[in-house]
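All values derive from a computational prediction rather than experimental measurement. Sequential numbering from 1 along the given sequence is applied to the chain's residues.
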Amino acid sequence: MAAEPTAHELLRKHRPTLDQALEAIRTRAYWSPHPEHPKAYGEDGSLDAAAGKAAFDALLGNRLDLADQPGIDDWVGGEVSPYGIELGVTYPHPDIDVLLPAMRAGQRAWRDAGPELRAVVCLEILKRISDRTHQFAHAVMHTSGQAFMMAFQAGGPHAQDRGLEAVAYAYAEQVRTPEQAEWTKPQGKRDPLVLTKRFTAVPRGIGLVIGCNTFPTWNGFPGLFASLATGNAVLVKPHPRAVLPLALTVRIARDVLAKAGFDPNLVALAAERPGEGIAKTLALRPEIKIIDYTGSTAFGDWLETNAHQAQVYTEKAGVNTVIVHSTDDYRGMLSNLAFSLSLYSGQMCTTPQNLIIPRDGIDTDQGHKSFDEVTADLARAVDGLLGDDARANALLGAIVNPDVKARLEAAAGLGEVALASREVTNPEFPDAVVRTPVIVKLDGAKPDDEAAYMSECFGPVSFAVAVDSAADAVELLRRTVREKGAMTVGAYTTDAVTEQAVEEVCLEEAAQLSLNLTGGVYVNQTAAFSDFHGSGGNPAANAALTDSAFVASRFRMVEVRREA
């Protein structure tokens, strides 16, 4: 059996990747070390498709063993796949009074390891996760309801990219200050004052990652790796419907830490009993100094209000908006929007909800189109995209939980339906709940309609909102972002004045903008190392994935000075 890599070997193995990541966040150019294609796996120790599926199947109905994690007082589970499969996996339930002190015990050695060694240990964790991408894809698919290919890419390489991006930002911020400095202050005729100063990046404490149901790895990895790379221990509290992907992550991280000579309890899992609500209990513990959360606005607001002892990073709900004013590629616009509305059944925090369209229509390369024509043509584009059930299943995945299904069914009663949702059968998983999107026409001038389009309706629901003018569209965009927040904004316009007005709103309200997308890039997709996910500047999120602000408050610089 090959020996585990030493610290020097980890540096040699991963330092080039770290350097490439640092260059990528500097240039914002495309780069990824993690292959997106399933056939790229199966060599150099990674699991190919068959081995990954077998590794996933081997987990079903069994305990996911973290037997060396301290304070195990029970085994809990209960995940049911949105595709209708009972996973039957059980996980250790923590006695937090035992677990939290054990997690703190290893922080001194982890702190003293320094930013570079911490970074390459994190990269080794990511490498071993990457080697098991096929297994993770099935775990993400059967906890989130994503279709397999999306689970493979978003839950695998794209999530790993976001984790690596967080490590790169963490490293860059920590080494911004030199480890040591010689300080000499002249004193005229007297001898100068001379000090030697040493600067150490000191972790805040234990980080708590509160996972989400829809993107457990993509949303979980940035906070996990940002905290770990800055010297903090990390406790992972998964969503009770999506434990498996993050439990696998914890198991791999603990193994890598132990084999690299560090305390494996620097990363631990907190699975919960049904209805236990352990997140609130953990969030108020004095040992918890950092919290990363993705989910509902209500709980995000509660964390920001009550978890005073911690630095809290939240991604909450928003109302994403696309202004449809004019286009020189009508067919491309419709195709792009249809895909954006359909992908993963709209169960993305970046999916457009409100399509703001002038009530007297839009100018296009195919002539002037009325409001009703635009909505009807968009409905046909969605129908065309999803008309074949096999393709529909590959794009839509499954409805993640009953609340989404209930919102979808209720949306049809909010206004005139431009596109009715239909049920799609998945022959491989007959118990999966699969639905196509609904598009409802609303009037931006009617107060009764405002209650619908000014609230987030998470899932495959979109509103075509009629307004009187481009100026009204821009003003409604501003009000929506300011009051409700937005993870993404899109706009289609051939008018320079309107484009400038939309851009100015997004700059003033801190919303990420995509203009005139008609090809293979969509408003609800962001690329690690280049795109910022959220901004931290509007109510949808108080942080961005990933920027310097996301990592800089996870550690403090402590100075020790001595007379030379």
Side-chain angles (χ1 to χ4, degrees), residues 212 214-215 219 293-305 312-325 337 340-341 346-357 403-404 406-408 410-411 414-415 437-468 470-491 501-514 523-524 526 532-545:
C212 69
T214 48
F215 288 88
N219 279 108
Y293 167 76
T294 300
S296 71
T297 296
F299 191 60
D301 289 346
W302 184 90
L303 288 169
E304 292 171 359
T305 301
V312 179
Y313 300 90
T314 59
E315 180 190 312
K316 300 176 288 187
V319 177
N320 301 318
T321 299
V322 176
I323 290 178
V324 181
H325 171 263
L337 282 174
S340 296
L341 300 181
Q347 299 171 125
M348 303 172 69
C349 63
T350 50
T351 300
Q353 174 178 301
N354 293 346
L355 309 175
I356 306 178
I357 308 169
D403 292 339
V404 175
R407 282 193 294 270
L408 170 64
L414 297 174
V438 62
I439 301 175
V440 178
K441 293 194 284 189
L442 299 175
D443 193 326
K446 292 183 177 180
D448 289 346
D449 287 359
E450 182 176 318
Y453 67 74
M454 285 295 282
S455 300
E456 186 192 35
C457 194
F458 184 77
V461 177
S462 293
F463 301 115
V465 183
V467 294
D468 289 336
D472 289 333
V474 172
E475 186 53 38
L476 179 54
L477 169 65
R478 181 190 299 278
R479 187 160 63 90
T480 303
V481 177
R482 180 174 292 176
E483 295 179 12
K484 302 298 181 179
M487 296 299 293
T488 57
V489 172
V502 172
E503 185 171 347
E504 187 60 28
V505 166
C506 290
L507 291 172
E508 291 178 354
E509 305 300 331
Q512 312 294 11
L513 172 63
S514 298
V523 67
N524 43 347
T526 59
F532 292 109
H533 177 72
S535 70
N538 69 65
N542 74 358
L545 303 180

(request) Can you spot which of T480, L355, L476 makes a side chain to side chain contact (heavy atoms under 4.5 Å, CB included) with Y453? (result) L476

(request) Scan residues 439-451 for pairs that pass side-chain hydrogen bond (donor to acceptor under 3.5 Å, both in side chains), counting only residues two or more places apart or in two chains. (result) R359-D443, D372-K441, E416-K441, E450-R479

(request) Give, for atom CZ of F463 and atom CG of L414, the distance between the pair rounded to the nearest 0.5 Å. (result) 5.0 Å

(message) Any heavy-atom pair between the side chains of I323 and V502 that's under 4.5 Å?
(response) yes

(message) Pair V481, V319 - check side-chain contact (heavy atoms from CB on, under 4.5 Å), show working.
(response) CA-CA 7 Å; V481 177; V319 177; over 6 Å; no

(message) Tell me whether Q347 contacts the main-chain N or O of P460 through its side chain, where contact means a donor paired with an acceptor under 3.5 Å.
(response) no

(message) I'd like to check Q512 versus M487 (side-chain heavy atoms, cut-off strictly below 4.5 Å). Are they in contact?
(response) no

(request) Answer whether the closest heavy-atom distance between the side chains of E503 and L513 falls below 4.5 Å. (result) yes

(message) Once side chain to side chain donor-acceptor pair (under 3.5 Å) is applied, do any residues pair with T350, and if so which ones, sequence neighbours excluded?
(response) none

(request) Evaluate the side-chain proximity of F458 to V404: yes if any heavy-atom separation is below 4.5 Å, no if none is. (result) yes

(message) Do N524 and T488 make a side-chain contact, defined as non-hydrogen atoms from C-beta onward lying under 4.5 Å apart?
(response) no

(message) Is any side-chain heavy atom of F299 closer than 4.5 Å to one of T314?
(response) no

(message) Would you say that V489 contacts N320 through its side chain, given a criterion of any heavy-atom pair below 4.5 Å between the two side chains?
(response) no

(message) Taking T321's backbone N and O only, do any of them form a donor-acceptor pair with N354's side chain (distance below 3.5 Å, no angle check)?
(response) no

(message) Is the distance between the ring centroids of Y313 and Y293 under 6.0 Å?
(response) no

(request) Please report the C-alpha distance between C349 and K316 in whole Å, then the side-chain angles of each, then the deciding distance to 0.1 Å, and finally whether the side-chain contact (heavy atoms from CB on, under 4.5 Å) criterion is met. (result) CA-CA 8 Å; C349 63; K316 300 176 288 187; over 6 Å; no

(request) Look at the side chain of N538 and the backbone N and O of A486, then say whether any donor-acceptor pair between them is shorter than 3.5 Å. (result) yes

(message) Please report the interatomic distance OG1(T294) to CD(E315), rounded to the nearest 0.5 Å.
(response) 4.5 Å

(request) Flag the pair E509 and R478 as a salt bridge only when some basic side-chain nitrogen lies within less than 4.0 angstrom of an acidic carboxylate oxygen. (result) yes

(request) Give a yes or no answer on whether the side chain of S535 reaches the backbone of G537 with a donor-acceptor pair at less than 3.5 Å. (result) yes

(message) Within the structure provided, determine whether I357 and V467 are in side-chain contact (heavy-atom separation under 4.5 Å).
(response) no

(message) Please determine whether a side-chain nitrogen of the Lys or Arg among E456 and R407 lies less than 4.0 Å from a carboxylate oxygen of the Asp or Glu.
(response) no

